[in-house]
Amino acid sequence: MKQEKNESSAYDPKLVEDSIYKEWEKSGYFNPDNLPVKKSAKPYVVYMPLPNVTGTLHMGHLLNNAIQDVVIRYRRMRGYKALYLPGTDHAGIATQFVVEKELRKQGINRFELGREAFIKKVWEWKEKYGGLILEQLRKIGVSADWSRIRFTMDEEYTKDVLDAFIHYHKRGLIYRGVRVVNWCPRCGTSLSELELEHKEEETKLWHIRYPGAGGGEGIIVATTRPETMLGDTAVAVNPKDARYKTLVGKMVMLPIQNRKIPVVADNAIDSSFGTGALKVTPAHDIVDFEIGERHKLPMIQVIDERGKMMEVAGKFAGMKADEARAAVLDELKKLGLLMKEEPYAHNLAVCYRCGHTIEPIPSEQWFLKMKELAKNAIDAVKNEKVKIGPENFEKTYLNWLSNIRDWTISRQIWWGHQLPVWFCKNDKEKFTVSIEKPKACPFCKTCEMEQVPDVLDTWFSSALWPFAGLSKEDVKKYYPGNALITARDILNLWVARMIYSGIEFQKKVPFKDVYIHGTVLTKEGKRMSKSLGTGIDPLKYINEFGADAARFAVIWQATGQDIHWDEAAVMAGRKFANKIWNAAKFVMSNHEGAETVKKPVGKTVADKKILAKLAATKKRAEKNIESFELSATLKELYDFFWHDLCDTYIEESKKQLADAETAESTKIVLSHVLVESIKMLHPFMPFVTEAIYQKLPVRGKKFLMIETW
RNA sequence: GGGCGUUUAGCUCAGCUGGUUAGAGCGUUGCAUUCACAUUGCAAAGGUCGCUGGUUCGAAUCCAGCAACGCCCACCA
């Protein structure tokens, strides 16, 4: 039988956090429909950036969710119908990649398995592991409405996705075409520009002579990819380039292949680079493809979707692209046509997912016309229907949208929303768009129509999140929402797309405020990444020092700039939680039935001072939270609580309590300031403050979480 | 090539529209402490506010230039 006073007086988050979270969840108050608010109460909605089902909690989640939870808890206490909408993203390529890897360990590849069986495996994987991240988010203490959780491949959500595709198709915004796309030979799919990463590569710039077709010197081109010359169909020079004026319109001989190709003039050519002459391979370079279109050049594909040389490459057929490069160079050397090689550093595009070199290849893809949609998204921000903060991100956003290309929305993978497009087996150029398979082929009348195997880009579905994440009735109540809080890396990838999708499908922008926070980096300023071994698991802090300490640490450091993560802040947070706990203990030990929630009257100078400071702090906190300046708010609350309340007023109160003249009023002031303080601190450090609230002898509400700010 | 950001105490960072001794957390030093809390209190040391020039009665704060670092965008092969 341990006596209370013999126990350590330190606050131990481990003893309270899990049970408090369970109580909150059980109460149903994460669901705004259950909140004891006035009928006229306005909703306040924060859309959680969807974690991938493959995800595990990292520091970015901690930061993002801590910020969002402060905002939503604040709004809840201010009497809003506060909805923090959670969900998970099917993350097409990422998830398929993970499951394929898993299967490979068992010696299975997806092609042996077949599409249907493979998708079944992915669902199994999702059921088993897809909820992990959600459990981890609970550990942070986020007050998301789990009863409303959605997955982007849920039945209802899927219907919205397919309807969106059909809608765009009816509007004439969807088209099919052959384009040179960024292809990942390992993942076996095309990637959007936003899914590429670039890494610097030391390579060479090779100067190759293409002799004149009828003899003569011809022209020397400079390239980093000699192997693609097998598919060259022209050489391009700048029309103003005096050196080559006489050559334009003439033919040169493509070495090795011994094919005549024209010299064309195009403004895209920079005369000052290399030799000023560009070999044009429309099939294997996006710029070349565009030049090819302008000059009606044929397209000769020489590299296939596995990154290997094709039949047309003659003796190089079957080689991997980099093997072919060496072989082609060898051959050119023998022919005496390799004029020069100089060292050259350039940026190599690699797959964001697997890091494999991107191979531009022509392929049939589906596109969404962006011009009109982008304009809507631009106008929304220009007209301040959506405010992006900090303001300088507006530029990034507008700049991207005003230079946008059509969006390649098809992906050649299996996990995702398969395009609701059915083509005639007898004439594959003919297709129809519908969710269900048409009963009879409207074209040949005889065939069983076949669905396009491609699936939609994952962002196509997440772009619909603000309304597809809600049920039809909820859309009426909770759309549009209020805030979208995220890191800058998905401002264009996701935020811009949500904005025009919202306008397109709901006629209203999905949220008024976009707040961009920093990125959590290591203390040295390096990117946190698992593969580099620089990642930090936030659960480590949560388990050891409590979610409050972790939240404190990350918000304390979230000043808007990128965070150079400093662990010391977690310790500061832990100490602060302890300080709050002990101050509350002191106040309650002197409480003796004094009315906790009564409006206090300051008798002494110290009383008046602390009450005035409290009022001022509260006012500033409101202003700052509403403008997303959480770090500043937390610092002020910290300062107020620790120094004004604990160091100054509580010390003073000890004298006042000893004096019969002031004892009673002091108790009331103490209680009042404590309760007001834990209310203000609650959004930031919900657990310790709730734990204290539950110990108060007199409570206004069942939970501090739903107390009136 | 364009755009953005950063540079303030040993470390990680605040410092909004220019104004008395430039702040916080952590660290360091000294003292205190049965009385809410040693995850404590009090006190102290520690800064030419990247560099140069300018505006001003007055600048870390505004302007120009320079340097270093970081990020984003872009079709220089």
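Just so we're on the same page: letters track the sequence lines, and every chain starts at 1.
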Residues A:Asp562, A:Arg488; criterion salt bridge (charged side-chain N to carboxylate O under 4.0 Å, His left out); working and verdict: CA-CA 11 Å; A:Asp562 284 351; A:Arg488 63 178 169 279; 2.9 Å; yes
A:Trp556 vs A:Asn582, nearer the 5' end of RNA chain B by closest nucleotide: A:Trp556
Where at least one partner belongs to residues 387-397 of chain A, residue pairs that pass side chain to side chain donor-acceptor pair (under 3.5 Å), sequence neighbours excluded: none
Span that lies between the C1' atom of B:G50 and that of B:U61, in whole angstrom: 16 Å
Partners meeting side-chain hydrogen bond (donor to acceptor under 3.5 Å, both in side chains) with A:Arg209 (sequence neighbours left out): none
Sugar-phosphate only, base, or nothing, as touched by A:Arg488 at under 4.0 Å among non-hydrogen atoms: sugar-phosphate
Side chain to side chain contact (heavy atoms under 4.5 Å, CB included) partner of A:Met680, the single match among A:Thr633, A:Leu614, A:Thr689: A:Leu614
Sugar-phosphate, base or nothing in reach of A:Gln557, heavy atoms under 4.0 Å: sugar-phosphate
C1' atoms of B:G15 and B:C62, separation to the nearest Å: 16 Å
Whole-Å distance separating the OH atom of A:Tyr397 from the P atom of B:C71: 26 Å
Sugar-phosphate only, base, or nothing, as touched by A:Lys523 at under 4.0 Å among non-hydrogen atoms: sugar-phosphate
Nearest-angstrom distance from the residue atom NZ of A:Lys526 to P of B:C69: 13 Å
Watson-Crick or G-U counterpart of B:A32, or none if no pair lies under 3.5 Å: B:U40
Counterpart base for B:G46, defined by Watson-Crick or G-U wobble contacts under 3.5 Å: none
Sugar-phosphate, base or nothing in reach of A:Ile650, heavy atoms under 4.0 Å: base
Set of side-chain contact (heavy atoms from CB on, under 4.5 Å) partners for A:Phe273, sequence neighbours left out: A:Leu205, A:Asp270, A:Tyr344
A:Arg243, CZ: over 12 other non-hydrogen atoms inside 6.0 angstrom: yes
Polar-atom pairs under 3.5 Å, protein N or O versus N or O of nucleotides 1-4 of chain B: list them with distances, or write none.
unit_1 : atom_1 : unit_2   : atom_2 : d
B:C4   : OP1    : A:Lys395 : NZ     : 3.3

Spacing between A:Met528 atom CE and B:G70 atom P, to the nearest angstrom: 18 Å
Residue pairs involving residues 551-560 of chain A (criterion side chain to side chain donor-acceptor pair (under 3.5 Å); sequence neighbours excluded): A:Asp69-A:Arg551
Base-pairing mate for B:U21 - Watson-Crick or G-U, with both contacts under 3.5 Å: none
For A:Asp232, salt bridge (charged side-chain N to carboxylate O under 4.0 Å, His left out) partners two or more places apart: A:Lys279
Protein N or O to nucleotides 26-28 of chain B N or O, pairs below 3.5 Å:
unit_1 : atom_1 : unit_2   : atom_2 : d
B:C26  : OP1    : A:Lys575 : NZ     : 2.6

Pairwise P distance, B:G3 and B:C66 [rounded to whole Å]: 13 Å
Sugar-phosphate, base or nothing in reach of A:Asp647, heavy atoms under 4.0 Å: sugar-phosphate
Rounded distance (Å) that lies between atom P of B:G15 and atom CG of A:Asp639: 15 Å
Partners passing side-chain contact (heavy atoms from CB on, under 4.5 Å) against A:Lys679 (at least two apart in sequence or in another chain): A:Met77, A:Val675, A:Glu676, A:Leu704, A:Glu707
CZ-NZ distance between A:Phe641 and A:Lys579, expressed to the nearest 0.5 angstrom: 8.5 Å
A:Gln561 side chain near B:U6 phosphate (N/O to OP1/OP2, under 4.0 Å): yes
Residue-phosphate contact under 4.0 Å: A:Thr396 side-chain N/O, B:C72 OP1/OP2: no
Base paired to B:G5 (Watson-Crick or G-U; both N/O distances under 3.5 angstrom): B:C69
Close residues, residues 278-289 of chain A, relative to RNA chain B [heavy-atom separation under 4.0 Å]: A:Leu278, A:Val287
Sugar-phosphate, base or nothing in reach of A:Ile269, heavy atoms under 4.0 Å: base
Touch class at under 4.0 angstrom, heavy-atom based, for A:Trp581 against every strand present: nothing
Sugar-phosphate only, base, or nothing, as touched by A:Gly518 at under 4.0 Å among non-hydrogen atoms: nothing
For atom CG of A:Asp270 and atom P of B:A77, their distance in whole Å: 10 Å
Distance in angstrom units between A:Glu227 CD and B:A77 C1', rounded: 13 Å
All salt bridge (charged side-chain N to carboxylate O under 4.0 Å, His left out) counterparts of A:Asp285, not counting sequence neighbours: none
Distance, rounded to the nearest Å, where A:Glu636 contributes CD and B:C13 contributes P: 21 Å
Non-neighbouring partners of A:Arg259 that pass side-chain contact (heavy atoms from CB on, under 4.5 Å), sequence neighbours left out: A:Thr233, A:Leu254, A:Gln257, A:Ile261, A:Ile300
C1' atoms of B:A45 and B:U28, separation to the nearest Å: 8 Å
Phosphate-side-chain proximity, A:Arg405 and B:C75, N/O vs OP1/OP2 below 4.0 Å: yes
A:Trp581 CH2 to A:Asp548 CG distance, which is reported to the nearest 0.5 Å: 11.5 Å
Between CH2 on residue A:Trp642 and CG on residue A:Leu645, distance to nearest 0.5 Å: 12.0 Å
Salt bridge (charged side-chain N to carboxylate O under 4.0 Å, His left out) partners for A:Glu544, two or more places apart: none
Identity of whatever pairs with B:G10 - Watson-Crick or G-U, under 3.5 angstrom: B:C26
G-U wobble or Watson-Crick pairing nucleotide for B:C16 (cut-off 3.5 Å, both distances): none
Sugar-phosphate, base or nothing in reach of A:Arg527, heavy atoms under 4.0 Å: nothing
A:Lys585 side chain near B:C35 phosphate (N/O to OP1/OP2, under 4.0 Å): no
Euclidean distance for C1', B:A14 against B:U6 (whole angstrom): 14 Å
Rounded distance in Å between the P positions of B:C26 and B:U7: 22 Å
Between B:U34 (C1') and A:Phe586 (CZ): distance, integer Å: 16 Å
A:His564 side chain near B:C11 phosphate (N/O to OP1/OP2, under 4.0 Å): no
B:A77 OP1/OP2 closer than 4.0 Å to side-chain N/O of A:Tyr344: yes
